[in-house]
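Working notes for the structure below.
Numbering of ligands and ligand atoms starts at 1, following listing order. Residues: numbered from 1 along the sequence shown.
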Amino acid sequence: MSQFAPIQFDAAYPLLAHNTFGFDVRARLACRIESEAQLMQAVRDPRAAGLARLVLGGGSNVVLTRDFDGLVLLIALRGRRVVREDDEAWYVEAAAGENWHDFVAWTLSQGLPGLENLALIPGTVGAAPIQNIGAYGLEMCERFASLRAVALATGETVELDALACRFGYRDSFFKREGRDRFVITSVTFRLPKAWTPRAGYADLARHLNADGASSAAAPTAQAIFDAVVAVRRAKLPDPLELGNAGSFFKNPVIDAAQFDALHAREPEVVSYRQPDGSVKLAAGWLIDRCGWKGRSIGAAGVHERQALVLVNRGGASGADVLALAQAIQRDVHDRFGVTLEAEPLCL
Ligand code: EPU
C-alpha cells in the first residue's frame with residue numbers, strides 16, 4: 001500500500017489473535033501500521049480524533065478485560081540491520097513489529113552475540129523497552145542504545161536514549177510518565193564486541209552443567225541461547241498452546257528490616273539481595289507456598305510448573321484472570337505481608 005493511500009480502519013475488530021491470553025474482545029477501530037508515515041497518518045486521522053489508543057505488538061503483556069472503546073494500532077513495522085560499528089560494539093536496529101525471538105536468533109546468525117539470554121521471550125521488539133524485558137541474568141537495558149518513537153500528541157518522531165527511557169526492573173518511562181504518549185517504531189541495540197557469557201542464573205547453570213563439562217566451562221552464545229530455550233520450554237507454557245502473558249506479577253522488592261522479620265518467620269523464602277540493601281523475593285515461591293500452583297478459578301488458572309504464570313485454560317475472560325489474580329494477591333498479603341504488583345498492563 002502506498003503511504004499516501006487512505007489508511008484502512010476496521011470497525012469492531014476482533015482482538016482474539018492479538019493478545020496471547022486469547023481473550024475474545026473487540027476494538028471499536030483498528031488499523032495495521034506498516035510504516036512510520038502510516039502511523040503519523042493514523043494518529044492524525046479525523047476518524048480517530050478524541051479516541052483512546054492502544055498499541056498492540058505481540059499482545060503478550062496485556063490483559064484485555066473488556067472491549068476496547070478506541071483505536072488499536074497493530075504494529076507491523078518490519079526490518080533489521082546493523083547500522084554501524086566502532087571498536088567496542090556493533091549497533092543493531094530492528095523495527096518495532098519484528099518478533100523478539102526471531103530477532104535474537106538473527107543477531108546470533110550474523111555472529112553478533114549479546115542477546116542470547118533473552119531468547120524465546122514472547123512479543124515484539126517494540127514492546128521490549130516498555131517493560132525492559134529480562135531473563136536469566138540479563139535485562140534488555142544492558143544492551144540498549146536508543147529508540148525511535150512517534151509522539152501521539154503531535155505525530156512527530158523523537159529519538160530517546162537510555163537515560164530518557166528511565167529503565168528499572170520490568171519498568172520504564174513508557175509505563176509511567178510516558179504512558180499512552182508514544183508509539184515506539186524501532187529500537188537500536190549496542191552489542192559489545194568484548195562478549196562474555198552470562199551463565200550464572202541457577203536454572204541456566206544447571207542446564208549447561210548437565211549438558212557436559214566443556215560447554216559449561218566456556219559456553220558459546222549459541223549454547224546459552226539453546227539452554228535458555230530448553231529451560232523456558234520446560235517451565236513456561238507456550239502462549240500458542242495455553243493462553244498466558246508470562247509472569248503475571250513482578251517479583252516484589254522489600255526493605256531489609258521487613259525482610260529480616262519475614263525471614264525469621266519463613267526461613268526458606270527465596271530472596272535476592274539488591275545492591276542498595278533491599279531484597280527481591282521470588283513471587284512464584286510466595287504464590288506456590290500459598291498453595292495456588294496448579295489451581296484454578298473457573299477457566300483462569302495458575303500454571304502447574306511456574307506459579308508466577310496465570311493461564312487461560314479455555315474460554316476465560318480478562319475479568320476471570322483478574323479475579324484470580326486478586327485472590328492470589330489477598331492470600332500472599334495475608335500470609336507474607338507483601339503486596340504483589342501485576343506485570344502486564346490491565347485494561
Ligand atoms: N519458584 C517456586 N515455585 C514456583 C515458581 C518459582 O518455588 O512456582 C521458585 C524457584 O524454585 C526459584 C525462584 O522461585 O527458586 C525463582 O523462579 P524462576 O527462576 O523461575 O524465576 P522467577 O523469578 O519466577 C523471573 C522472571 C521471568 C524470567 C525468570 C528467569 C519476573 C517477574 N519474572 O521469574 O520472566 O524468565 O526470572 O530469569 O521477574 C516474564 O517476565 O514474563 C518472565 C517469564
Side-chain angles (χ1 to χ4, degrees), residues 19-21 57-63 100-101 104 115-124 127-142 167-172 175 198-208 224-225 227-239 242-254 266-274 279-296 301-311 321 325 328-329 331-332 335-336 338-346:
N19 74 101
T20 59
F21 258 119
S60 58
N61 205 43
V62 69
V63 184
W100 173 262
H101 175 72
V104 173
L115 295 173
E116 55 282 349
N117 293 60
L118 305 181
L120 218 61
I121 295 182
T124 54
I130 295 177
Q131 55 155 343
N132 181 22
I133 57 173
Y136 304 102
L138 182 73
E139 282 189 345
M140 188 230 59
C141 63
E142 297 174 72
F167 294 119
Y169 164 61
R170 293 294 191 282
D171 194 34
S172 77
K175 284 180 101 173
R198 191 97 48 109
Y201 196 91
D203 273 350
L204 196 53
R206 249 194 310 275
H207 189 87
L208 287 162
I224 292 179
F225 177 93
V228 168
V229 167
V231 170
R232 288 190 75 102
R233 287 222 167 104
K235 237 180 161 174
L236 297 165
D238 179 347
L242 189 62
N244 75 88
S247 298
F248 195 90
F249 301 103
K250 290 195 201 183
N251 283 330
V253 179
I254 60 177
E266 307 270 358
E268 285 168 30
V269 63
V270 179
S271 62
Y272 316 91
R273 182 79 58 177
Q274 302 299 291
V279 181
K280 191 187 269 185
L281 305 177
W285 185 89
L286 301 174
I287 297 166
D288 197 348
R289 271 304 149 111
C290 288
W292 275 106
K293 197 168 181 167
R295 276 177 61 194
S296 298
V302 181
H303 189 54
E304 285 73 14
R305 293 194 299 277
Q306 166 52 293
L308 201 44
V309 177
L310 303 191
V311 298
V321 168
I328 292 170
Q329 281 167 319
D331 279 3
V332 167
R335 172 156 175 187
F336 299 107
V338 170
T339 305
L340 293 183
E341 192 187 326
E343 185 185 288
L345 177 65
C346 301

TODO: State whether R233 and D238 are salt-bridged, where the test is any N-O pair (Lys NZ or Arg NE/NH1/NH2 against Asp/Glu carboxylate O) under 4.0 Å.
DONE: no
Open item on the list: Can a donor-acceptor pair be found, under 3.5 Å and without considering hydrogens, that links the side chain of R206 to the backbone of Y201?
Closed with: no
TODO: Heavy atoms only: give me the nearest A307-D288 pair and the separation to one decimal.
DONE: CB-N, 3.9 Å
TODO: Compare all side-chain heavy atoms of F167 with those of Q131 and state whether any distance is below 4.5 angstrom.
DONE: no
Task: Donor-acceptor pair, side chain of E139 and main chain of G134, under 3.5 angstrom - done: no
Task: Any Y272 heavy atom less than 4.0 Å from ligand 1 - done: yes
Task: Selected option - heavy-atom contact closest to atom 31 (C) of ligand 1, from F249, F248, Y169 - done: Y169
Open item on the list: Contact between V269 and L286 at the side-chain level, heavy atoms closer than 4.5 Å - yes or no?
Closed with: yes
Task: Nearest option to atom 20 (O) of ligand 1, as decided by whichever heavy atom of E341, K235, K293 sits closest - done: K235
TODO: Starting from atom 15 (O) of ligand 1, find the nearest protein heavy-atom neighbour and note its residue, name and distance.
DONE: V270 CG1, 3.6 Å
Task: Sub-4.0 Å heavy-atom approach of R170 to ligand 1 - done: yes
TODO: Going by the salt bridge (charged side-chain N to carboxylate O under 4.0 Å, His left out) test, name the single residue among K250, R170, K175 that passes it with E343.
DONE: R170
Task: Whether D331 side chain and Q329 backbone form a donor-acceptor pair below 3.5 Å - done: no
Open item on the list: Considering non-hydrogen atoms of the protein only, which is the closest contact for atom 25 (C) of ligand 1, and what is the distance?
Closed with: N251 ND2, 4.2 Å
- [ ] Return yes if some donor-acceptor pair links the side-chain N/O of T124 with the main-chain N/O of W100 below 3.5 Å, else return no.
- [x] no
Task: ligand 1 contact by R232, heavy-atom criterion under 4.0 angstrom - done: yes
TODO: Please report which non-hydrogen protein atom sits nearest to atom 40 (C) of ligand 1, along with the residue it belongs to and the distance in Å to one decimal place.
DONE: S247 OG, 3.1 Å
Task: Exam field: side chain N132 to backbone G168, donor-acceptor pair closer than 3.5 Å - done: yes
Task: Exercise: identify the closest heavy-atom pair between L118 and V104 - done: O-CG2, 4.3 Å
TODO: Would you mind running through ligand 1 and noting each atom that sits below 4.0 Å from a heavy atom of A282?
DONE: 13 (C), 14 (O), 16 (C)
Task: Heavy-atom nearest neighbour in the protein, as seen from atom 1 (N) of ligand 1, with distance rounded to 0.1 Å - done: W285 N, 3.8 Å
Open item on the list: Counting non-hydrogen protein atoms only, what is the nearest one to atom 24 (O) of ligand 1? Give residue, atom name and distance.
Closed with: Q306 NE2, 3.0 Å
Task: Heavy-atom proximity to atom 34 (O) of ligand 1, best of V228, L308, I287 - done: L308
Open item on the list: Is it the case that the ring center of H207 lies less than 6.0 angstrom away from the ring center of Y136?
Closed with: no
Open item on the list: Only heavy atoms of A135, strictly under 4.0 Å: list the atoms of ligand 1 that pass.
Closed with: 36 (O), 38 (O)
TODO: Could you tell me the residue and atom name of the protein heavy atom closest to atom 3 (N) of ligand 1, and the distance to it rounded to 0.1 Å?
DONE: D288 OD2, 2.7 Å
Task: Element-labelled atoms of ligand 1 that are located less than 4.0 Å from some non-hydrogen atom of A307 - done: 4 (C), 5 (C), 8 (O)
Open item on the list: When you measure from atom 36 (O) of ligand 1 to the protein, is at least one non-hydrogen atom found at a distance under 4.0 Å?
Closed with: yes
- [ ] Identify, for atom 21 (O) of ligand 1, the protein heavy atom at the shortest distance, and state residue, atom and that distance.
- [x] Y201 OH, 3.1 Å
Open item on the list: Give me the nearest non-hydrogen protein atom to atom 38 (O) of ligand 1 as residue plus atom name, then the distance to 0.1 Å.
Closed with: Y136 N, 2.6 Å
TODO: Provide the number and element of each atom of ligand 1 under 4.0 Å from a heavy atom of G246.
DONE: 42 (O)
